Amino acid sequence: MDEKFLKPYDPAATESRIYKEWEKSGLFNPDECVKQGATEATAPAYSIVLPPPNVTGRLHMGHALMLAIEDVFIRFKRMRGFRTLWVPGTDHAAIATQSVVEKQIKKEEDKSRHDLGREELLKRIETFAAESHDTIVGQLKTMGASLDWSREAFTLDETRTRAVRAVFKQMYDAGLIYRGLRIVNWDPKGQTTISDDEIVYEERAGKLYTFRYAKDFPIPIATTRPETKVGDVGIAVHPDDVRYQSFVGKEYDVVFCDVPIHITVVADTAVDPAFGTGAVGLTPAHSQTDWDIADRHELSHEVIVINEIAKMTVPGRLNGKKVAEARELVVQWLKDEGLLEKEEDTVQNIATAERTGGVVEPLPKLQWWVDVNKEVPGRGKTLKELMLEPVRSGAIKIIPEHFEKTYFHWIENLRDWCISRQIWYGHRIPVWYRDEEVQIGIEPKESGWVQDEDTLDTWFSSGLWTFSTLGWPEQTDDLTTYHPTDLLETGYEILFFWVARMILMTEFTLGTIPFKTVYLHGTVRDAKGRKMSKSLGNGIDPIDIAARFGADAARMALIVGNTPGTDMRISEEKIKGYKHFANKLWNVARFILENTQGASIEASLTPKDAQLAADVEALTKEITDDIENYRVYLAAEKIYHYVWHELADKILEESKPIFAGTDGGATQSRAALLLLLLTRILKLLHPFMPFITEEIWQSMPTKDSAFLMVARWPESAAGVR
RNA sequence: GCGCUCUUAGCUCAGUUGGUUAGAGCGUUCGCCUCACACGCGAAAGGUCAUAGGUUCGAAUCCUAUAGAGCGCACCA
């Protein structure tokens, strides 16, 4: 027996060594597996693309969970003989990365992005991104992820840039990308537009003011934002509202808080007659709803009273004031003039920017959009329909299933996607202008062209991820072999951000689905059920955990009992439990190897031992079915339970008297059985705890493959021997 | 407003298509350093499966209602 078994299992010393051996073997690469005879050249393919971590710093427990689950499927399929590919990569994460670096520069040098300039800021971000990338790659390896590093991708590298430009051009040519003046979600803090999905609503106490524009004005209106009323162009009432019917169509000129405004009364069914006074003051430039109503009644969109830094742009006392200040001034003015009729406390949902926390200011701006309601040429369907269809038909299966309803519900409410951002880090919009000319997708060679200043929403490039990573727009072998991918495993919180957009992009570009199954995991929370966050300081660092308890233990703790779509709580106690399990397994191996030296696995089994062999056969079938059907949380628990409470507690205990006895046949039978069982559990456990199982495998007299990683998964038909 | 989910042992959660005395981990109590393992072993306590109905030979599991918790989308000017 190997000397190493005389000491307790030491994950820290073992795991990094094993990973290096795997890397050296080249077996993470399916081509190499075929070349070395570990996989049949004609075997079916199985592929997953790694959801690319943002290059904003370090991995967190959510990443560790993602890696644990995906690596289970990858290792399982690889052992089952599939040509298995897991593509690694990282995401430039545009706005997230830029804001991290900007904050850092502000703190350390007290400089803004404008002090540095575009070129210098980008240089700084790229340096930061490169450092983050290296950290992340190291961490992915620490967790044991069997990724094919020879195929690593980055959302902002050359190949991916080609893909982005090609898709942009195709969509533009298809009339699905357009530039338009529309109300956008403007983040005054981040100085950029954001998409609807990047908004977080916060409940805050506010006041609802009821007032009239002027003393003799016939209709009172209610608002929570009196400062915007200097931008009003009309009043909308419900067509059936008898109180106001006689005013519809009338126009008024008043001076409101030093600002002359022109008001037209219109009737629109969007107005709720029961709310406030039943009359809405319309501010088309600063409210999406008002913009829509103004659209329907041909009222002006052009009265803009708030600018990009959330300050007032009107003449008089409000000029240059911040929005909050202006609100107080208007209220004061209303009181002084005797126009304020009511002031009530109310709770309002404030739109804030997810990344910066800035209060979103709706503003009309010229931006690039993806039209989700226009028919895609040649497909006879809109992008919205193309997103719905594969999920409806079952071509894409979402796990857990109930998220399919959430997905449909979201798509029903989907509006055009704003894809331009006023930040500098990211894919620059591939559009060049010269006088009245516009060129799309390909940079013009002649001089005098100026590229669009804006960059693309980061989800535009990540939407291409399943096929851009496989080399598209080149028609590569990888694309033919591995696309559509088999599984997309990610957190449910990015179902809309990412999963939906991948379906959109892939359906449009390739006319196919990006993946067959979506497995959504929940959020990893702390022991008290709180989200892990920097500000709370309750985060658990997976790398620190791996160093203290082993990546194997961390993986098991994240998988056992963690059903898809459900949030989980993790604590050091739970992880420690699985470190103990690793040690248990280690000792099981020691006991078996110690007591079976020189034994033959060919020995004939006693009826009792044959029964035990049949039992593990049944277990094998169950575990195989569980993993195939995405019940990894059950599979992990079953193998754990078997190793500890069947094999160790019962079978090994029973074996002691047998080995101490004098019945040669029984001893030989038991030794053969134990070797078979150990071989079997190493295989069953390997996808979950790859390091320790590989380490024990290396000392197994029965090993039939240089690496457990590519040993054949026990197929139920084959029998235990 | 629309939609989704959850409520099982002190705590955190499983329970795969309804089927015999409802499980695990942690925690608690008691006894053990027994020659694989104290990162361990043996034993014990602990649940009217939120509540009320219904379907069924049979329900934690299916249906309806109620209560509580959480989440997503939309949003009231």
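Source: prediction; values computed, not measured. Sequence lines set the chain letters: A, B, ... in the order given, protein chains first and strands last, and positions in each chain run from 1.
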Problem set entry | Salt bridge present between Asp197(A) and Arg501(A) (N-O < 4.0 angstrom) | yes
Problem set entry | Separation of C11(B) C1' from Glu573(A) CD (nearest whole Å) | 12 Å
Exercise. Can Glu341(A) and Arg212(A) be counted as an ion pair, charged N to O under 4.0 angstrom?
Worked result: yes
For this session: Using a 4.0 Å heavy-atom cut-off across all strands, classify Thr346(A) as base, sugar-phosphate, or nothing.
Result: nothing
Exercise. Is any N or O donor-acceptor pair between the side chain of Arg569(A) and the base of U12(B) shorter than 3.5 Å?
Worked result: no
For this session: May I ask you to say what His645(A) touches in the nucleic acid, namely base, sugar-phosphate or nothing, with a heavy-atom cut-off under 4.0 Å?
Result: sugar-phosphate
Exercise. What nucleic acid atoms does Ser287(A) come within less than 4.0 Å of, heavy atoms only: base, sugar-phosphate, or nothing?
Worked result: nothing
Exercise. Is any side-chain N or O of Asn349(A) under 3.5 Å from a base N or O of C75(B), one able to act as donor and the other as acceptor?
Worked result: yes
Exercise. For the side chain of Thr223(A), counting heavy atoms from C-beta on, which of A36(B), A77(B), C75(B) is nearest?
Worked result: A77(B)
Exercise. Does Trp644(A) place a side-chain N or O at less than 4.0 Å from the phosphate oxygens OP1/OP2 of C41(B)?
Worked result: yes
Exercise. For Ile183(A) and Ala285(A), which heavy atoms make the closest approach, and how far apart are they?
Worked result: CD1-O, 3.4 Å
For this session: Looking at every strand, decide which applies to Val271(A) at a 4.0 Å heavy-atom threshold: base, sugar-phosphate, or nothing.
Result: base
Exercise. Below 4.0 angstrom from OP1 or OP2 of C76(B), is there any side-chain N or O of Arg225(A)?
Worked result: no
Problem set entry | Candidate list Leu676(A), Leu678(A), Leu684(A), test side-chain contact (heavy atoms from CB on, under 4.5 Å), partner Arg680(A), passing option | Leu684(A)
Exercise. Is the closest basic N to carboxylate O distance between Glu654(A) and Arg670(A) below 4.0 Å?
Worked result: yes
For this session: Give a yes/no answer on whether the side chain of Thr563(A) brings an N or O atom under 4.0 Å of OP1 or OP2 in C13(B).
Result: no
Seminar exercise, completed: Arg530(A) CZ to G70(B) P, in whole Å, measures 16 Å
Problem set entry | RNA chain B: 5'-proximal contact among Asp197(A) and Val347(A) (nearest heavy atom) | Asp197(A)
For this session: Check the distance between A77(B)'s P and Ile263(A)'s CD1 and give it to me in whole angstrom.
Result: 18 Å
Problem set entry | RNA chain B: stems of at least 3 consecutive Watson-Crick or G-U pairs whose donor-acceptor distances fall under 3.5 Å | B:1-7 with B:67-73, B:10-13 with B:23-26, B:28-32 with B:40-44, B:50-54 with B:62-66
Problem set entry | Between P of C41(B) and CG of Asn583(A), the distance in whole Å | 10 Å
For this session: Look at all strands and tell whether Thr283(A) reaches a base, only sugar-phosphate, or nothing, counting heavy atoms closer than 4.0 Å.
Result: nothing
Exercise. Do the side chains of Tyr252(A) and Ile261(A) get nearer than 4.5 Å, heavy atoms only?
Worked result: no
Problem set entry | d(CE, Met568(A); P, C6(B)) in whole Å | 17 Å
Exercise. So is Arg182(A) actually on top of Trp291(A)'s ring, under 6.0 Å and inside 45° of the axis?
Worked result: no
Exercise. For the side chain of Tyr633(A), counting heavy atoms from C-beta on, which of C76(B), G15(B), G72(B) is nearest?
Worked result: G15(B)
Exercise. Where the side chain of Asn413(A) is concerned, which of A36(B), C73(B), U16(B) is the nearest nucleotide?
Worked result: C73(B)
Problem set entry | Integer-rounded Å distance: U16(B) P and Glu637(A) CD | 12 Å
Exercise. Under 4.0 angstrom, heavy atoms only, what part of the nucleic acid is Lys405(A) near: base, sugar-phosphate, or nothing?
Worked result: sugar-phosphate
For this session: Using the six-membered ring wherever Trp is involved, compare the ring planes of Phe403(A) and Tyr492(A) and label them parallel, tilted or perpendicular (cut-offs 30° and 60°).
Result: parallel
Problem set entry | Check: Lys584(A) side chain, C39(B) base, donor-acceptor under 3.5 Å | no
Exercise. Using the P atom in both, what is the distance from U66(B) to C71(B), to the nearest Å?
Worked result: 22 Å
Problem set entry | Between A74(B) (P) and Phe496(A) (CZ): distance, integer Å | 9 Å
Exercise. Contact class for Arg525(A) vs. all strands (heavy atom < 4.0 Å): base, sugar-phosphate, or nothing?
Worked result: nothing
For this session: Assign each of Pro8(A) and Thr289(A) to its nearest nucleotide of RNA chain B by heavy atoms, then name whichever residue's nucleotide is nearer the 5' end.
Result: Pro8(A)
For this session: Can you check whether any acceptor in the base of A74(B) is under 3.5 Å from a donor in the side chain of Glu412(A), or vice versa?
Result: no
Exercise. Ion pair present between Glu227(A) and Arg225(A), side-chain N to carboxylate O less than 4.0 angstrom?
Worked result: yes
For this session: Whole angstrom is fine here: how far is it from CG in Asp526(A) over to P in U12(B)?
Result: 12 Å
Problem set entry | C39(B) OP1/OP2 closer than 4.0 Å to side-chain N/O of Lys576(A) | no
